[in-house]
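Convention: sequence-line order gives letters A, B, ...; per-chain numbering from 1. Worth knowing before you read on, the calculation uses all heavy atoms, side chains too, and leaves out hydrogens, waters and symmetry mates.
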Protein chains: 2
Amino acid sequence: MVPMSTGLRERKKLATRSALHLAALQLVAERGLDEVSVDDIAERADVSPRTFFNYFPSKIDAVVGLDPAAPQRQVEAFLSRPADESPVEAMRAVAREQAAEMSENTELWPLRLTVIDAHPAALARLAAAFGESEQVLAAAIGERTGTRVGADAYPALLAGVAAAAMRTSLHRWFAGDFTAALPDLVDETWDLLAAGLPAPR
Amino acid sequence: MVPMSTGLRERKKLATRSALHLAALQLVAERGLDEVSVDDIAERADVSPRTFFNYFPSKIDAVVGLDPAAPQRQVEAFLSRPADESPVEAMRAVAREQAAEMSENTELWPLRLTVIDAHPAALARLAAAFGESEQVLAAAIGERTGTRVGADAYPALLAGVAAAAMRTSLHRWFAGDFTAALPDLVDETWDLLAAGLPAPR
DNA sequence: TGCAAACTTGCATAGAGTGCAATATTCGAC
DNA sequence: GTCGAATATTGCACTCTATGCAAGTTTGCA
């Protein structure tokens, strides 16, 4: 159960998914979102148009190409932080880890963010994905702090703030042509938050 | 130019838009999102299916039914706050005003939020709308604080945090069956933010 | 009253997205 | 290696979304 790195079947699926995502990114970068059809993407990735929808529920999802397991991994990382850390500290540490991972593949995230930022529909889909992520994260925060998500403001707020922090950091990374170190940007952002968002200067 | 409350033409357009939005809300509340087609919505609102798309770019937009001018009004409210207020104070005041407005019509927002919360696609669209709103708001914050949106983290972060605060407050309002006063929920949320998100208890 | 601008509608069309059944591939046991 | 079960791919048929365009209505205004 839950194999770490398995046989041919699993690897092929990952490869196909990755090929579809990359094909979508490249085609949209070349021509723009509206000039690219699902058929185009499937053709470049060497699968049938019908197979495309076995991997992504929509065209825009293939462009954004987020890992559907990412929210769950984020939750696990958060819950396994040392118990003496405050929720904010733990969340911040998880964000820094995530940032470090994103920085590792020096090609994928910059390409992704560049394409996404140029297309409002993709930006919208990304915002929606962050929103979904927030919900499972809020549940985890509620679990850790012993508060109820509906009743208390804290869990949903911290989840929302964490998502905003990551989005802000990613956007600054992009705006600076990916020359800065993403984990550093994340740290700066969380410094502002911990201080209660003091006015600049 | 820019008439406050104008002739028959303007009023009819607003009425049609409102009728389409309400029809979408009611139908989706009755049957669920996938059992409602654009044709159904147009029929209940007594316009042709083609006219539907003169008012909303997609079915889900009709369900969510947000005012496309809202982000701009938010920006204007923010920029016209007294100059001695800090950005956080100004943003918080704007949020409280918005909350008060939303509470005024005791039918619309509760129905909206109930329908939206029951349908992930609508929730995603709402998250995307908040994201769009953040962008223009960030520009305004940058203007007020004299910082550059791409270079400095502050404007985008405060905009993102403000959006998270509003979403959190709306969700708590909904979770408590709309018995609480929304402006109070907003205040509590901003208290947490200003204190740097201290751990509960 | 009558002209111009703005709105509605029908028609045609491209493309997204889904269910279903047939085919092909991989896995695991032997 | 071979075979059967499980899983993945594909083609087909179909519905619905969404948009451009042109013709017909309604409204605003002089």
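Judged as a side chain to side chain contact (heavy atoms under 4.5 Å, CB included), and not counting sequence neighbours, the contacts of B/Gln135 are A/Leu123. Listed by chain and residue number, B/Arg81 satisfy the salt bridge (Lys or Arg N to Asp or Glu O under 4.0 Å) test with B/Glu97 (two or more places apart in sequence, or in another chain). Contacts of A/Arg172 classified as salt bridge (Lys or Arg N to Asp or Glu O under 4.0 Å), with partners at least two apart in sequence or in another chain: A/Glu188. Checked against salt bridge (Lys or Arg N to Asp or Glu O under 4.0 Å), B/Asp187 has the following partners two or more places apart in sequence or in another chain: B/Arg92, B/Arg96. The ring-ring contact (aromatic ring centres under 6.0 Å, His included) test applied to B/His171 returns B/Phe174, not counting sequence neighbours. A search for ring-ring contact (aromatic ring centres under 6.0 Å, His included) contacts involving B/Trp190 returns nothing, not counting sequence neighbours.
A heavy atom closer than 4.0 Å to some atom of DNA chain C occurs in B/Val47, B/Ser48, these being the qualifying members of residues 37-48 of chain B. Using a 4.0 Å cut-off on heavy atoms, the residues of residues 51-63 of chain A that approach DNA chain C are A/Phe53, A/Pro57, A/Ser58, A/Lys59, listed by number. The stretch residues 15-36 of chain A has no heavy atom under 4.0 angstrom from DNA chain D at all.
When all heavy atoms of B/Leu182 and B/Ser169 are compared, the closest pair comes out as CD1-O, 3.8 Å.
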Please tabulate, one pair per line, all N/O donor-acceptor pairs under 3.5 Å involving side-chain atoms of residues 98-105 of chain B, not counting sequence neighbours.
unit_1, atom_1, unit_2, atom_2, d
B/Ser103, OG, B/Ala99, O, 2.9
B/Asn105, OD1, B/Glu107, N, 3.1
B/Asn105, OD1, B/Leu108, N, 3.3

Please set out all donor-acceptor pairs under 3.5 angstrom arising from side-chain atoms of residues 147-156 of chain A, sequence neighbours excluded.
unit_1, atom_1, unit_2, atom_2, d
A/Thr147, OG1, A/Thr145, OG1, 2.8
A/Asp152, OD1, A/Tyr154, N, 3.0
A/Tyr154, OH, B/Leu197, O, 3.3

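Rounded to 10°, the helix from C/dT1-D/dA30 to C/dC30-D/dG1 has 30° between the axis fitted to its first five pairs and the one fitted to its last five.
At a threshold of 4.5 Å between non-hydrogen side-chain atoms, the residues A/Asp67 and A/Arg73 count as touching.
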Going through the distances and angles, do B/Tyr55 and B/Asp61 end up as a side-chain contact (heavy atoms from CB on, under 4.5 Å)?
CA-CA 9 Å; B/Tyr55 286 88; B/Asp61 274 276; over 6 Å; no

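B/Phe56 and B/His21 have tilted rings, their planes meeting at an angle from 30° to 60° on a 0 to 90° scale.
The nearest whole Å value for the distance from the NZ atom in B/Lys13 to the P atom in C/dA6 is 10 Å. Summarising the geometry, the separation between CZ on A/Arg50 and C1' on C/dA22 is reported as 13 Å, rounded to the nearest angstrom. Going from atom CD of A/Glu10 over to atom C1' of C/dT26 covers 11 Å, rounded to whole Å.
Not one side-chain nitrogen or oxygen of A/Lys12 sits closer than 4.0 Å to the OP1 or OP2 atom of C/dT25.
Side-chain contact, B/Thr189 with B/Thr168: no donor N or O sits under 3.5 Å from an acceptor N or O.
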